[in-house]
Each structure stands twice: as C-alpha cells, then as structure tokens.
J.: 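The following block contains the structure, expressed as structure tokens.
Heads up: numbering here begins at 1 and tracks the sequence.
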Amino acid sequence: MVLSDDALTLLRGSIRSVWALELLLLLRRTPDRDWSNGDLVSELRGSDVVVQEALAGFLGAGLLVAQTDGRHSYRPASPLLDQWVEEIEQAYATRPSAIIREIFAAPGNKVQIFADSFRFRLND
C-alpha cells in the first residue's frame with residue numbers, strides 16, 4: 001500500500017464508502033466554498049441521509065467546519081490531516097482498487113459485515 005500508517009488509519013476510520021471518499025475529495029478541491037447538504041446531494045447525486053452521515057464523520061475527524069447556516073467546508077484542524085487526505089487522494093488516483101479494498105475491509109463496514117454473513121464456517 002502506498003499510504004502512510006496515519007493516512008491508512010484516517011481512511012479506515014473516517015471514510016465508510018467510495019461515495020464518501022468522492023464527497024471528501026470534492027470538498028477538498030473546493031476549500032473556499034461553503035456547501036449546503038442540498039448542494040452536495042445535487043452535485044454527487046446522493047441522498048440526504050448519506051451526505052449527513054459522511055459529513056458527520058468528517059466533522060468528527062476534524063476535516064470540516066460547519067457554519068451556523070448548516071453549510072460545510074473543507075478546513076482540516078491541522079495541516080497533517082490535509083497531508084493524509086492528500087495521500088489518500090493521490091493513492092485513489094493511481095491505485096483506486098487498492099483504496100476501495102481498504103474502505104471495504106475497514107472494521108465495522110456494513111457492506112463487509114453483510115458479505116461475511118454469507119461465508120460458510122468450516123469449524124462450526
């Protein structure tokens with residue numbers, strides 16, 4: 001993997017889907033814009049619930065700031081966080097399948113939990 005351990009931890013802990021990654025990268029590309037949930041839903045053709053969940057995770061990770069009117073913008077709490085997002089962005093541009101595998105392999109990923117429920121257990 002081409003990511004540092006810290007960037008990989010951020011990826012696994014804060015990015016729950018490829019769609020959420022695309023949302024984060026959109027926000028990063030437009031740091032001077034304050035986005036409403038509706039704007040993000042329209043831009044990425046997502047649902048309001050998915051946008052809210054992704055934004056909440058990014059806020060918790062210190063990647064965004066929320067305005068009083070409910071708009072969000074990309075403003076990492078530290079330059080190091082932005083560096084890790086940049087690493088993720090570069091890796092996603094060059095090795096998207098590796099990044100996608102990491103997202104779905106993250107502990108607590110609902111898609112992985114669902115898929116694992118269909119695995120045959122040999123020692124049961």
J.: Measure the spacing between CD of E53 and OG of S47 and express it to the nearest 0.5 Å.
T.: 7.5 Å

J.: Taking the side chain as everything from C-beta on, heavy atoms only, tell me whether L24 gets closer than 4.5 Å to W19.
T.: no

J.: Atom CG of residue position D5 - does it have more than 12 heavy atoms of other residues, nucleotides or ligands inside 6.0 Å?
T.: no

J.: Would you call L63 and L10 a side-chain contact if the rule is heavy atoms closer than 4.5 Å?
T.: yes

J.: Are L80 and L64 co-members of a hydrophobic cluster defined by side-chain heavy atoms under 4.5 Å apart?
T.: yes

J.: Show your working on side-chain contact (heavy atoms from CB on, under 4.5 Å) between E87 and S4 and close with a plain yes or no.
T.: CA-CA 8 Å; E87 282 183 49; S4 67; 3.0 Å; yes

J.: Between Y92 and E102, do the side chains contain a donor N or O and an acceptor N or O under 3.5 Å apart?
T.: no

J.: Could you report the tightest heavy-atom contact between T94 and P96, atom names first, then the distance?
T.: C-CD, 3.5 Å

J.: Under a single-linkage definition using a 4.5 Å side-chain heavy-atom cutoff for Ile, Leu, Val, Met, Phe, Trp and Tyr, are V65 and Y74 assigned to the same hydrophobic cluster?
T.: no

J.: Would you kindly say whether T30 and W35 are connected by a side-chain donor-acceptor distance under 3.5 Å?
T.: yes

J.: I need the D48 CG to L40 CG distance, nearest 0.5 Å.
T.: 10.0 Å

J.: Any non-hydrogen side-chain atom of Q67 less than 4.5 Å from a side-chain atom of S73?
T.: yes

J.: How many angstroms lie between atom CZ of R75 and atom CG of D34, to the nearest 0.5 angstrom?
T.: 5.5 Å

J.: Find the distance between OG (S14) and CG (L81) and round it off to the nearest 0.5 Å.
T.: 8.5 Å

J.: Identify the heavy atoms of R28 and V85 that sit nearest to each other, and give their distance.
T.: CD-CG1, 3.4 Å

J.: Compare every heavy atom of A7 with every heavy atom of I88, then report the nearest pair and how far apart it is.
T.: CD1-O, 3.5 Å

J.: Can you tell me how far the CZ atom of R101 sits from the CZ atom of R95, to the nearest 0.5 Å?
T.: 7.0 Å

J.: Give, for atom CD1 of I15 and atom CG of L21, the distance between the pair rounded to the nearest 0.5 Å.
T.: 5.0 Å

J.: Compute whether any side-chain donor of one residue and acceptor of the other, for D39 and S42, lie under 3.5 angstrom apart.
T.: no

J.: List the atom of R16, the atom of A20, and the distance in Å for their closest heavy-atom pair.
T.: N-CB, 4.3 Å

J.: Do you know which two heavy atoms are closest between R71 and S36, and how far apart they sit?
T.: NH1-N, 3.5 Å

J.: Can you name the closest pair of heavy atoms from L44 and L23 and give their distance?
T.: CD1-CA, 3.4 Å

